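Scroll down for the structure; my scribbles are underneath it.
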Amino acid sequence: MASHASGWRQRETSASRNDLVIKFSEVAKHFSKKDPSSSSSSSSCAPEVGARPRWPHPFDYNSLMKAFSDAGEVEEVLRLFREMKEDFHCRPDVVCYTTVVDSLATANRPEEAVAVFEEMVSAGVIPDAAAYTVLVKLYSCHLKRFDRAYEVIRWMVKCGCAPDVITYSTLIAGLCWAGRVEEALGVLDQMLEEECRPNVHTYTPIVQAYCSRGSIEDARRLVDAMHAIGCPPNTVTYNVLIQALCKIRAFEEVEKLLEHSDAKGWKPDVVTYSIYMDGPLRVRKR
DNA sequence: TGCGGATTAA
């Protein structure tokens with residue numbers, strides 16, 4: 001494997017192009033074997049507009065609302081939410097409220113998302129960590145209102161609901177996307193103090209932030225540190241790093257990472273090869 | 001048995 005990538009970098013030969021085609025077809029075969037359903041997108045799994053649950057119970061409503069939410073059909077989510085309350089007098093529970101709030105937040109309808117959260121609280125439904133985390137995501141990732149995000153976390157603590165890894169990782173991701181890496185590292189420290197163990201989802205956005213500001217050395221160091229502290233980077237983490245390395249044309253290093261992927265305990269996927277092939281091809285096109 | 005988290009792109 002080491003030979004073909006350095007081939008692309010050095011010269012444009014038909015042999016290296018053939019290698020690329022062969023590699024690609026291998027990868028394609030691998031994925032079609034492994035996951036026969038991967039061709040169907042999430043939207044094709046969406047229920048039909050106007051669908052109703054079999055039973056007017058929160059569980060059934062939520063399953064349907066979630067399916068519409070995943071498909072980006074917010075109006076259908078809201079229709080079901082209204083229907084369960086008004087037509088069936090079926091009281092939504094935390095899970096239902098969280099699905100609706102998240103769906104609105106994702107659809108960039110923050111005011112409505114907050115209104116539904118408030119409705120939940122005034123209906124006497126106690127938010128859990130997932131419900132609060134959706135609010136943290138809204139303020140941190142969507143609105144970049146970090147003051148509000150911190151406020152939500154203080155609020156949940158006060159209500160006796162401890163923020164968990166996902167809550168903190170969500171906040172960290174928002175900070176990283178906003179370029180506030182140092183602050184994200186502060187949140188990481190806070191997690192450690194509270195003995196809330198970070199995982200790959202916590203570190204990967206930080207790796208990403210380092211990469212996007214060009215601090216590749218910091219990214220490399222963090223990836224190594226993840227191995228050392230028993231939170232090994234996975235394919236997503238490596239994809240982030242590989243993309244940054246391709247951008248600075250460090251194809252030899254990418255090649256090494258791929259070569260040692262087995263030993264490091266991760267497997268390149270479609271995204272990896274898509275990044276990997278795009279890099280050298282883009283350079284060659286110049 | 002149903003809710004919240006990180007990556008690519010034409």
Side-chain angles (χ1 to χ4, degrees), chain A residues 27 31 53-55 57-70 77 80-81 84 90 92-106 113 116-117 120 125-142 149 152-153 156 161 163-177 184 187-188 191 196-212 219 222-223 226 231 233-247 254 266-279 281-282 285:
Chain A
V27 173
F31 283 105
R54 299 210 301 189
W55 304 103
H57 290 153
F59 179 96
D60 297 281
Y61 267 104
N62 186 64
S63 304
L64 248 189
M65 289 195 297
K66 181 67 167 69
F68 278 122
S69 176
D70 287 346
V77 175
L80 287 164
F81 187 52
M84 76 181 289
C90 169
D93 59 11
V94 223
V95 179
C96 293
Y97 276 111
T98 304
T99 300
V100 177
V101 174
D102 191 38
S103 180
L104 286 166
T106 305
V116 173
F117 190 94
M120 164 173 66
V125 175
I126 312 230
D128 60 7
Y132 283 113
T133 299
V134 168
L135 263 200
V136 170
K137 179 170 92 175
L138 173 68
Y139 287 126
S140 171
C141 302
H142 296 284
V152 172
I153 292 181
M156 66 190 287
C161 178
D164 61 15
V165 219
I166 303 183
T167 315
Y168 282 122
S169 302
T170 303
L171 175 59
I172 286 174
L175 287 166
C176 287
W177 294 335
V187 175
L188 183 63
M191 281 181 79
C196 177
R197 275 195 66 174
N199 60 24
V200 228
H201 292 266
T202 320
Y203 289 110
T204 303
I206 303 176
V207 174
Q208 165 83 292
Y210 281 144
C211 289
S212 58
L222 182 53
V223 168
M226 288 172 72
C231 173
N234 63 13
T235 305
V236 177
T237 320
Y238 277 104
N239 286 348
V240 168
L241 182 61
I242 285 173
Q243 189 193 21
L245 291 172
C246 283
K247 248 178 220 155
V254 172
W266 67 283
K267 271 201 184 317
D269 67 355
V270 216
V271 177
T272 319
Y273 285 111
S274 143
I275 296 164
Y276 178 49
M277 291 192 295
D278 189 44
L281 283 173
R282 209 175 268 183
K285 269 185 236 158

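Here is the naming used below: chain letters follow the sequence lines, and residue numbers restart at 1 for every chain. Computed from a prediction, not measured in an experiment: that's the story for all the values here. Heavy-atom basis, side chains included; hydrogens, waters and symmetry copies ignored.
Distance, A:Tyr238 OH to B:dT8 C1': 18 Å, rounded to whole Å. With rounding to whole Å, A:Asp164 atom CG is found 12 Å from B:dC3 atom C1'. In this structure, A:Leu138 atom CG and B:dG4 atom C1' are separated by 12 Å, rounded to whole Å. Across the protein-nucleic acid pair, A:Ile275 atom CD1 and B:dT7 atom P stand 11 Å apart, rounded to whole Å. Atom CD1 of A:Ile126 and atom C1' of B:dC3 are 16 Å apart (whole Å). Remark: C1' of B:dT7 and CE of A:Met277 are 16 Å apart, rounded to the nearest angstrom. Protein atom CG of A:Leu245 is 14 Å distant from nucleotide atom C1' of B:dT7, rounded to whole Å. Distance, A:Tyr203 OH to B:dG5 C1': 15 Å, rounded to whole Å.
Side-chain N/O atoms of A:Asn199 and A:Thr202 include a donor and acceptor closer than 3.5 Å. A:Asp269 and A:Asn239 form a side-chain donor-acceptor contact under 3.5 Å, judged by distance and modelled atom types alone.
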Verdict with reasoning, A:Ser63 to A:Asp60, per side-chain hydrogen bond (donor to acceptor under 3.5 Å, both in side chains): CA-CA 5 Å; A:Ser63 304; A:Asp60 297 281; 5.8 Å; no
Could you walk me through whether A:Val236 and A:His201 pass the side-chain contact (heavy atoms from CB on, under 4.5 Å) check? CA-CA 9 Å; A:Val236 177; A:His201 292 266; over 6 Å; no
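Below the 3.5 angstrom threshold, one finds no donor paired with an acceptor across the side chain of A:Asp128 and the base of B:dG4. Under 3.5 Å, the side chain of A:Thr170 and the base of B:dG5 form no donor-acceptor pair of N or O atoms. In this model, a side-chain donor or acceptor of A:Thr167 finds a partner on the base of B:dG4 within 3.5 Å. Scanning atom types as modelled, one donor and one acceptor separated by under 3.5 angstrom connect the side chain of A:Asp93 and the base of B:dG2. For B:dA6, the base has a donor-acceptor partner in the side chain of A:Asn234 [N/O atoms by modelled type, under 3.5 angstrom]. In terms of polar N and O atoms assigned as donor or acceptor, the side chain of A:Thr133 comes within less than 3.5 Å of the base of B:dG4 in a complementary pairing.
When each of B:dT8, B:dG5, B:dC3 is scored by its nearest atom to the side-chain atoms of A:Ser274, the top-ranked nucleotide is B:dT8. Closest to the A:Gln243 side chain, of the nucleotides B:dG2, B:dA6, B:dT8, is B:dT8. The nucleotide whose nearest atom lies closest to any side-chain atom of A:Cys96 is, among B:dG4, B:dG2, B:dC3, B:dG2. Nearest nucleotide to the side chain of A:Val165, out of B:dA6, B:dG4, B:dG5: B:dG5. Across B:dA6, B:dG5, B:dG4, the shortest atom-to-atom separation from the side chain of A:Thr204 is found for B:dA6. Here B:dG5 is the nucleotide among B:dG5, B:dA6, B:dG2 with the atom lying nearest to any side-chain atom of A:Ser169. Proximity note for A:Val134 (side chain, C-beta onward) versus B:dC3, B:dA9, B:dG4: the nearest is B:dG4. Relative to the side chain of A:Val271, the nucleotides B:dG5, B:dA6, B:dT8 differ in distance, and B:dT8 lies closest.
Residue contacts for A:Thr272: at a heavy-atom cut-off of 4.0 Å it reaches no nucleic acid atom on any strand shown. Note on A:Thr99: only backbone sugar-phosphate atoms sit closer than 4.0 angstrom, heavy atoms only; bases stay farther off. Within 4.0 Å of A:Val100, counting heavy atoms only, lies no atom of the nucleic acid at all.
Taking the six-membered ring for Trp and the full ring otherwise, the centers of A:Phe81 and A:Tyr97 sit less than 6.0 Å from each other.
Each of A:Thr99, A:Asp93, A:Thr98 was checked for a side chain to side chain donor-acceptor pair (under 3.5 Å) with A:Asn62, and the lone residue meeting it is A:Thr99.
Look at A:His201 and the base of B:dA6; the rings do not stack under the cut-offs of 5.5 Å between centres and 30° between planes.
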